[in-house]
Amino acid sequence: MGKTHVKLTVNGREVEGLAEPRTLLIHFLRDELELTGPHIGCDTSHCGACTVDLNGKSIKSCTIFAVQASGAEITTIEGISGADGTLHALQDAFKEHHGLQCGFCTPGMITRAYRLLQDNPNPSEEEIRFGISGNLCRCTGYQNIVKAIQTAARELSAPKEAAE
Amino acid sequence: MNEQTPTPSERAEKLQGLGSSRKRVEDARFTQGKGNYIDDMKLPGMLFGDFVRSIYGHARITSINKEAALALPGVLAVITVEDLKPLKLDYMPTLAGDVQAVLAGDKVLFQGQEVAFVVAEDRYIAADAVELVEVEYQELPALVDPFKAMEPEAPVLREDIKDKTEGAHGPRKNPNHIFTWEAGDAEATETALDQAEVVAKELISYQRCHPCPLETCGCVASMDKVNGKLTVWGTFQAPHAVRTVASLITNIPEHKIRIVSPDIGGGFGNKVGVYPGYICAIVASIVTGAPVKWIEDRIENLSATAFARDYHMKGEIGATRDGKITALRCYAIADHGAFDACADPTKFPAGFFSIFTGSYDIPAAFLSVDGVYTNKAPGGVAYRCSFRVTEASYFIERMIDVLARELNMDPAELRMKNFIKKEQFPYTSATGWEYDSGDYQTAMDKALQAVDYTGLRTEQKANREAFERGETRKLMGVGVAFFTEIVGAGPVKNCDILGLGMFDSCEIRIHPTGSAIARLGTISQGQGHATTFAQILASEIGIAAENITVEEGDTDTAPYGLGTYGSRSTPVAGAAAAMAGRKIRAKAQMIAAYLLEVHDNDLEWEVDRFVVKGAPERFKTMTELAFAAYNQAIPGIEPGLEAVSYYDPPNMTYPFGAYICVVDIDVDTGVTEIRRFYALDDCGTRINPMIIEGQVHGGLTEALAIAMGQEITYDELGNVQGASLLDYFMPTAVETPHWETDSTVTPSPHHPIGAKGVGESPNVGGVSAISNAVNDAFAHLGLKHTAMPHDHWRVWKTAQKLGLTG
Amino acid sequence: MIPGQFDYHRPASVSQAIGLLAEFGENARIVAGGHSLIPMMKLRMATPDHLVDIQDIPELKGVREDAGALVIGALVTQTELIASELLAEKCPILRETALQIADPQVRNAGTIGGNVANGDPGNDMPAVMQALAATYDIAGPNGARQVAARDFYEAAFLTALKDGEILTSIRIAAPAAGHGYAYQKQKRKIGDYATAAAAVILEMSVGTCSSASLALTNVGDTPLYAAAASQALVGTALDETAIGNAVAAAKDITDPAADSRGPKDFRTYVAGVMVKRAIETARSRATA
C-alpha cells in the first residue's frame, strides 16, 4: 500500500506529488500543496467549506481521494483572482455587502458562487439560494451572501453588455 | 490655506468613525483564502494528536493496551491517565469550580470522553493508531434524564467527588447534585402567587444543543525546551484566561507561556472552555519535544466539546385578571453533563438566569436552580448569548404567552401592559439587576406598526375560519417576543472567572507619522473587531480608522483581558478603547497647548485637531501632535504618545428588542415556514450599522436553527444521537428566510460611547419569537405550550394531539 | 475522520473492473462518485483493501435511447441527469427526483449507478426506478444479466448484486407521452434523506386512470413498490375515494424506522401524505 503518483493542474499550474491512495483531496491541497484556502468543516460532505472546482464543476474535496482527481484541473479560492492580483468581482462584492464574518466558509462559498455564475450568469434569488445550498455559513444568515452574488453577477455581465 | 481645509463634517466622514458602515479590513484575506486558522498552521517537525474516545456513556475501564498502537511505524506516544497522574494533570480545573478528567481514569462518564491521546507523525497515522489502542470496558447503567439525577436510586457518576458534601457553590444534596442556586424573595413570591387572581403554570424545556461553529476546536502546542517557553496557538475565545489556567495547571510560570488565537472560524461559546485536547497537546509536546497539533473532527466537536442550554424550567406566573403580572417563580433543573464545565462568572453557577423577569415590571420573583450531573458531555456554554440569558428570556417569553392564553388576552397587549416604563430606568428588578436604560414601549409600537400587527391578527382569524371550513390545511401563527439581554460582564465586584476580574483592556500607540496600533484583550471570531474598534478610536483620537491597526489574541503583546463571549467586547473592551483614546487625547491636548502657546483650557477638540477657542485658524491636527510627541522636548511632558486603559464597567448593559415572526404550518407534515421575520434591535449607540445588521442576520439564523431543529439527545444507554451534520440542523440558504431588521437607539448612560453590544441579542430574542409563533398557530385550539425544537415530527405530534390529523 | 489504507485501481473497461473484483474478492469495493462509500470509509465502517475506481470506463457513461428504451449509464451523475434534455422530455420524474437529492456539489459527484446499486433505503432513485419498472444491466464474471428494480432490493444495503458484479446501466421503457408523474419528498433540510417520499407514474385515458405505478422511499428497509396502492388507482377517476384507498394501501406496507426524522407513526403518516400529493400532482400533469 505504497504511495501513488498524483498529477493535477491546480490554479493553472501543473503539480505533481506522491500521496497514499487514501489521501483525501482536501488534505493533499492543504497539507501537500499548502493551499489552505479550502477548509474542513464537517468531514461528511455537508458543509461545503472544502469546495473546489474540478474540471469545471464544484465538488467537495473532503469526499474524494486525491488519486481519484489525478489528471484533473482544479481551481481553488487561491486561483480565482486575476494573475495580476486583481480581485474577482465576487471577492469585491462579498466585502462590499458584508457577505462574510468569520471567513471560514468564505473560500468554499466564493468558489461555489464562481461556478454558479458561470453555469447561470443571471440567477434569481431563489436560484442563488438553491445553488449555494451545499455551503453552510454559521455567521451571515446568507442574506448578504445572496446580495453579494447578485451584485457580482451584474458586475460580470455588465462589461459584456457594454461591448455589444 | 484655510478655505481649502475640509469642513469638520467632511473630515469626520473621512475618519470612518462611529456610525460609519465601514467595510471590513478583515475581508481581504478571507475572500482570497489567506486567512490563518489553526489547522492552516504548519511548523517544522509538527506531530499530530488524536483521541481514543469512550464508546460507552458510562463504563468502568478495565484495561488499556497500547502496544499495538505503539508498534505502528510513525507513532511516537500513546498517552493515558497513568502518564498524566505523575504530572498531576489527570484532572484539570473547570471554569465552574469543578474538575474535569483530562483522560479518563477508572471510569468513562460520557460517550466520546477522552480515554487516550495518540501522537504520530501525521494525522493519518494517528487515526490508524487510535484504531489499534485496545480499551476494555465494563458497562454501567447510564443516567441521561436530569430529573432522575437527584433520585436516591440513581447511579453515582462522579466517584472522584462522591463524598464531597460541599461543592463550589454550596452544599451538595446527593452525589449527582452540583449546586442549588437561588435568587429573589421566596416568601414574597409565595404570598404574591397565593394572592394572584390568575396563576399559569408550565414546564418550559430548552433542549441541549451545540454552538457548532463551522471551524471545530483545535490547537498547536509547542514547548521550546531551549528557553523553556510554551507556545499554544488555538481556537481560544479567551486567550489570556487560557494562559493563566495553563500556568496554574502546569506550573509553568505565566511569563513562559504564550497563547495565541489566530483567525477563529466562529465560536458562539464553543471556544470559551479549556478542553482535554489542549492539555494533551501540551503534554505531548513536552514529552516529544516537537510541536503537536490537535484538531477535532465534527463528530468529536458535537459530542465532546461544550454543549449549550439543557435547562428544564417549571414556571408559575401570577397576575390580576386584567393582566398585571404580580409574581413569577421558576424551579429549574440544569443538566451539566459529566463535569461541571459550565462557563459562567464564578459567583453565578446559573449564569445571569435571574434576569428571568425579562422586560417586565414584576414585583415579586423567585427562582431556584439545581445543577446535576448526567452521563453526557460537559459544557453549558452561552451559545451566542450572555450566560444563561437565552434560557431566561425564553422562559419568560413563553410564560407570558402561556399567561396570555389563560387570560384570553393578546400577547402583545399583555407585554405592553407590564413593560418597565421609560421613566423607571435605571430600574432595579426583583432579583436585583439594575437595568441601565430602555424605552420598550417605543420599540414595541414601532415593531407592531411595521408588521401591521392588527392586520396580521385579522388575517389569522380568517385563516382559522378557513381551516375550520376545510379550505386549507395550513395554520398561521404570529409570534411576538420582547427581550432584554444583560451583557458586558462585567463589573469586577460581581464578575470573575477563576478569580480573574472581568474587566477588559486596550493599549494604543500612536506612531510619529500619525498612524496607530491598538491592542485589546478580546478576540474576534468573525465580529470584525479590527474594523469596529478602529472606528471607536477614530472618533476618539481623530485618526482615520484605516490608519489604525487593531491586534488581538497574542498574550505576549496584547494587554490582559477576559476575551470575547457574552457580547462583552463592545461593552467592555470597546469602552476600554474609548477610555484609552481619551487618555491619548488628553496628552495631545497638552502638547497642542505648548505648541500653540495657549493654556490647555483654551483649546477645544474638533474631529481630528485641537483648535484655539475663538481662533479657528490656529490649530494642531492629531498628525502634527503625534509627530511633536516624538520630536519636541516639551517641559513636563514625557516623549511618545501611548495609553492603556483597563476598563471595569460600572454595570452591565441591557440591549433589548422587539421581534415578530409569522409562520405557516402544514398540519399534515409538520412543515413550518417562516413567512416573515421582523427584528427591531436597540443596542444603544450604533458603531457600524452594516456589521450590526450582519450580526442580527447571523444571530437570527442561529435562532432559527435552535428553535426548529438543533438538538443533541442521548438514548437510554447514553449513546449520543445526531452528532454529525447529517442530523444536526444547520440551515442552508434554502431553509433560511429573509430577515427584516430595524432599530431604535437608547444609549447606555454608563458606557463611554453609549454602546450596548448586539451580537447575541438576535439569538436571545429570535428563539422566543419563532417558538411563540409555532405555539400561537395552535393557541385557538387550546394549546398552552409545545416544546422545542419545532421540527416536523414534533409539530405534527402537536397537531395530532389536537385532533387535526384525522 | 480518516479512512484506512487501501490499494487503488483505475480500470479502463468493465471487463478489467470485473477482473479486479474477481481477483480481490470481498476485499474490493467499487467507487464511482464516492458519496456513500467515502464517508463510510472515513468512519471506518467500510475498510476495503482495494478500491476499484470506475470513472475511466467509457461504457458506463452517457444517456441514450436504445430500441425505445432509455439507457442511463451507471456513471451518469445526478447533475448530468438533470441536464439531459432527452430524459427531461421522455422521463421528467428523473430530473424532478435528482433535484431533490443532496446539494449541487454532491450531485456533481454522485452517480445514478451508485444511488440505485448500494441498497441504502434512504436513496431516492430506487423507488423511482421501481415506479418506472426499470431494469438494471449487470455485468459479472459469468456474463451479463438483467434484474428488475422491483426485484433488486432485498434488505438494507443488501441487493441482488452478487460479489464481483457491477451495475453497468439502467434501462427504462419510456412512459407514454402525456403521462403524469411526481416525486414528492419530505426532508428536514437540503442534503437530508427523506422522512418519507413517494414516486408516482400514471396515465389517464378520457378521465380514467389507465395505469399507475407507485413506490416509496425510506419507509422500510428497502424501497417499496406499492402494488396494491397502484392497483387501487387503475380504473378510477383518481377521485378522493380512490386516492384515499391508495394512501391506505401504501401506508399498509410501510415499516419505517424511528429515527431523528421522527417516530414510526409520523413517518407512516407522512408517507401517506406524500402519496396523496404525488398522485394529485401526477394527475394534474397527465394530459389525457
Side-chain angles (χ1 to χ4, degrees), chain A residues 1-6 19-27 38 40-72 108-109 111-113 115-116 119-120 123 127-136 142, chain C residues 1-10 12 27-56 75 77-80 82-83 98-111 114 187-193:
Chain A
M1 298 190 183
K3 292 200 170 183
T4 313
H5 192 236
V6 176
E20 279 189 275
R22 63 166 169 169
T23 303
L24 295 160
L25 179 59
I26 184 69
H27 286 140
I40 299 172
C42 74
D43 300 283
T44 52
S45 81
H46 290 96
C47 80
C50 64
T51 297
V52 301
D53 208 64
L54 183 137
N55 292 335
K57 290 204 157 42
S58 307
I59 57 124
K60 295 184 175 174
S61 63
C62 76
T63 307
I64 177 173
F65 298 111
V67 64
Q68 285 179 287
S70 199
M109 192 69 83
T111 309
R112 172 61 201 138
R115 177 53 51 192
L116 174 69
D119 292 344
N120 181 359
E127 287 169 334
I128 292 173
R129 285 182 179 267
F130 194 67
I132 60 167
S133 63
N135 294 73
L136 295 175
Y142 305 103
Chain C
M1 285 170 63
I2 307 284
Q5 291 178 324
F6 56 83
D7 279 334
Y8 177 78
H9 311 271
R10 207 196 266 200
N27 295 326
R29 289 289 296 269
I30 288 176
V31 66
H35 275 66
S36 301
L37 182 59
I38 296 174
M40 297 297 275
M41 291 174 68
K42 289 171 81 174
L43 289 164
R44 304 220 176 192
M45 289 163 81
T47 52
D49 293 330
H50 296 272
L51 215 55
V52 179
D53 182 349
I54 56 176
Q55 67 169 310
D56 282 349
L75 278 178
T77 63
Q78 307 291 356
T79 301
E80 288 166 349
I82 291 165
L99 282 167
Q100 297 179 69
I101 295 173
D103 61 53
Q105 290 96 311
V106 175
R107 289 194 292 271
N108 282 337
T111 63
K187 56 185 176 184
R188 295 171 297 179
K189 54 178 177 178
I190 292 282
D192 195 17
Y193 293 120

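Reminder, nothing fancy here: chain letters follow the sequence lines and each chain counts from 1.
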Is the closest side-chain heavy-atom distance between A:Phe65 and C:Asp53 below 4.5 Å?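 They are not in side-chain contact.
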Less than 4.5 Å apart, side chain to side chain, heavy atoms only: is that true for A:Thr63 and C:Gln105?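 Heavy-atom side-chain distance check fails, nothing below 4.5 Å.
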Do you know which two heavy atoms are closest between [X] and [Y], and how far apart they sit?
X: C:Asp103; Y: A:Ser45; value: OD2-O, 4.1 Å
X: C:Arg10; Y: A:Val67; value: NH2-O, 2.9 Å
X: A:Gly131; Y: C:Pro104; value: O-CG, 3.4 Å

For A:Leu54 and C:Asn108: C-alpha separation, side-chain torsions, deciding distance, then whether side chain to side chain contact (heavy atoms under 4.5 Å, CB included) applies. CA-CA 10 Å; A:Leu54 183 137; C:Asn108 282 337; over 6 Å; no
Under a 4.5 Å heavy-atom cut-off, does chain C meet the side chain of [X], its backbone, both or neither?
X: A:Ile64; value: backbone
X: A:Thr4; value: neither
X: A:Arg115; value: neither
X: A:Thr23; value: neither

Distance (rounded to the nearest 0.5 Å) between [X] [atom1] and [Y] [atom2]:
X: A:Arg22; Y: C:Met41; atom1: CZ; atom2: CE; value: 9.5 Å
X: C:Ile38; Y: A:Leu25; atom1: CD1; atom2: CG; value: 10.0 Å
X: C:Tyr8; Y: A:Glu20; atom1: OH; atom2: CD; value: 15.0 Å

Answer yes or no: is there a donor N or O on one side and an acceptor on the other, between the side chain of A:Lys57 and the main chain of C:Thr79, under 3.5 Å? no
Heavy-atom cut-off 4.5 Å, strictly under: side chain, backbone, both or neither for [X] against chain A?
X: C:Ala83; value: neither
X: C:Ile2; value: side chain
X: C:Leu37; value: neither

With a 3.5 Å cut-off and no angle check, do the side chains of C:Gln55 and A:Gln68 form a donor-acceptor pair? no
So which residue, A:Thr44, A:Ile40, A:Thr51, ends up with the most heavy-atom pairs under 4.5 Å with chain C? A:Thr51
